[in-house]
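Here's the structure, in structure tokens; my notes come after.
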Amino acid sequence: MSHTVDPVIVAIDGPSGTGKSSTSRAVAARLGLGYLDTGAQYRAITWWMITNGVDVDDAAAVAGAADKPLIVSGTDPSQPTITVDGVDASGPIRTQEVTSKVSAVSAVPEVRTRITGLQRSIAASAPLGIVVEGRDIGTTVLPDADLKVFLTASPEARAARRAAELEGADVSATREALVRRDAADSTRKTSPLAKADDAVEVDTTELTLQQVVEHVIALVEERREAAR
């Protein structure tokens, strides 16, 4: 039996360090779906702003430039790509400078409108369906997604995971940065980080990645059965 019977759109939201990216990529690969890291798109537009001398603390300047960069996301879960104006941006968007400025850029409504439109068009054109991960997918970007999952984990677990990713990072400093970012993302006026009313919450604090992946796949299969 093929797993790719009906195109299925899966939205996976949650704060940093909950295992969103690893879970989303693994679920997409297992089910033969596309994969979209929406955070990478916000990082890409932030990197473009920094590179092009736009003051990211000047919301009007950011808004004015929001339509300028051409951002293209590849949706193969085994090798997701992102280019900005034809340049591979997968490395540069992960720098500390981009990380420290992405919340400010993401909060600008014109940026969210631009990137949300991009995300919706990618999801709509995914032939077999797609797993889309971010912070406002289930609430704002794809409110009609077939399945919405909201991943959570304790701040301690999230900081430990994120510090392990950033080799040599200090766990307590990482935890403070995560808590600050949560606050910024949860309180912004446009599309804040929030759990959709119909999302399934999964606390990943005590779970292995494999357990989270199996759980989400079971939820997808459950939705598919219900839809038949």
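Any value given below was found using the heavy atoms of this structure, including those in side chains, with hydrogens, waters and symmetry copies removed.
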- Task: Before giving the answer on side-chain hydrogen bond (donor to acceptor under 3.5 Å, both in side chains), spell out for Arg180 and Ser100 the whole-Å C-alpha distance, their side-chain angles and the decisive distance to 0.1 Å.
- Result: CA-CA 11 Å; Arg180 263 202 313 276; Ser100 67; over 6 Å; no
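- Just one of Val220, Val213, Val216 meets the side-chain contact (heavy atoms from CB on, under 4.5 Å) condition when paired with Arg30; it is Val213.
- The pair Arg223-Asp146 fails the salt-bridge criterion, with no side-chain N (NZ, NE, NH1 or NH2) lying under 4.0 Å from an Asp/Glu carboxylate O.
- There is no path of hydrophobic side-chain contacts, each under 4.5 Å, that joins Ile122 to Leu70.
- When all heavy atoms are compared, the tightest approach of Ala160 to Val171 is N-CG1, 4.2 Å.
- When only modelled atom types and interatomic distance are considered, Thr174 and Arg161 share no side-chain donor-acceptor pair under 3.5 Å.
- Under the 4.5 Å side-chain contact rule for hydrophobic residues, Val149 and Val141 do not share a cluster.
- Residues Lys68 and Arg114 approach most closely at N-NH1, 4.3 Å, considering heavy atoms.
- Judged as a salt bridge (charged side-chain N to carboxylate O under 4.0 Å, His left out), and not counting sequence neighbours, the contacts of Arg158 are Asp182.
- Residues meeting the side chain to side chain donor-acceptor pair (under 3.5 Å) test with Asp144, sequence neighbours left out: none.
- For the pair Met49/Lys101, no side-chain contact is recorded, criterion being any heavy-atom separation below 4.5 Å from C-beta on.
- The local environment of CG in Asp197 is sparse, with at most 12 non-hydrogen atoms from other residues, nucleotides or ligands closer than 6.0 Å.
- Among Asp37, Val105, Ile71, Val111, the single residue meeting the side-chain contact (heavy atoms from CB on, under 4.5 Å) criterion with Tyr42 is Val111.
- Val108 and Val56 fall within the same hydrophobic cluster, where Ile, Leu, Val, Met, Phe, Trp and Tyr residues are linked whenever their side-chain heavy atoms come under 4.5 Å apart, directly or through other members.
- For the pair Arg112 and Thr190, the tightest heavy-atom approach, listed with the atom from each and the gap, is CD-O, 3.4 Å.
- Residues Asp88 and Thr81 bring no donor and acceptor atom of their side chains to less than 3.5 Å of each other.
- Linking Ile, Leu, Val, Met, Phe, Trp and Tyr residues whenever their side-chain heavy atoms come within less than 4.5 Å places Leu209 and Leu219 in a single cluster.
- Closest approach of Trp47 and Val84 over heavy atoms only: CZ3-CB, 3.9 Å.
- Both Val98 and Trp48 are part of a single hydrophobic cluster, where members link through side-chain heavy atoms under 4.5 Å apart.
- In terms of the salt bridge (charged side-chain N to carboxylate O under 4.0 Å, His left out) criterion, Asp57 has no residue partners (sequence neighbours excluded).
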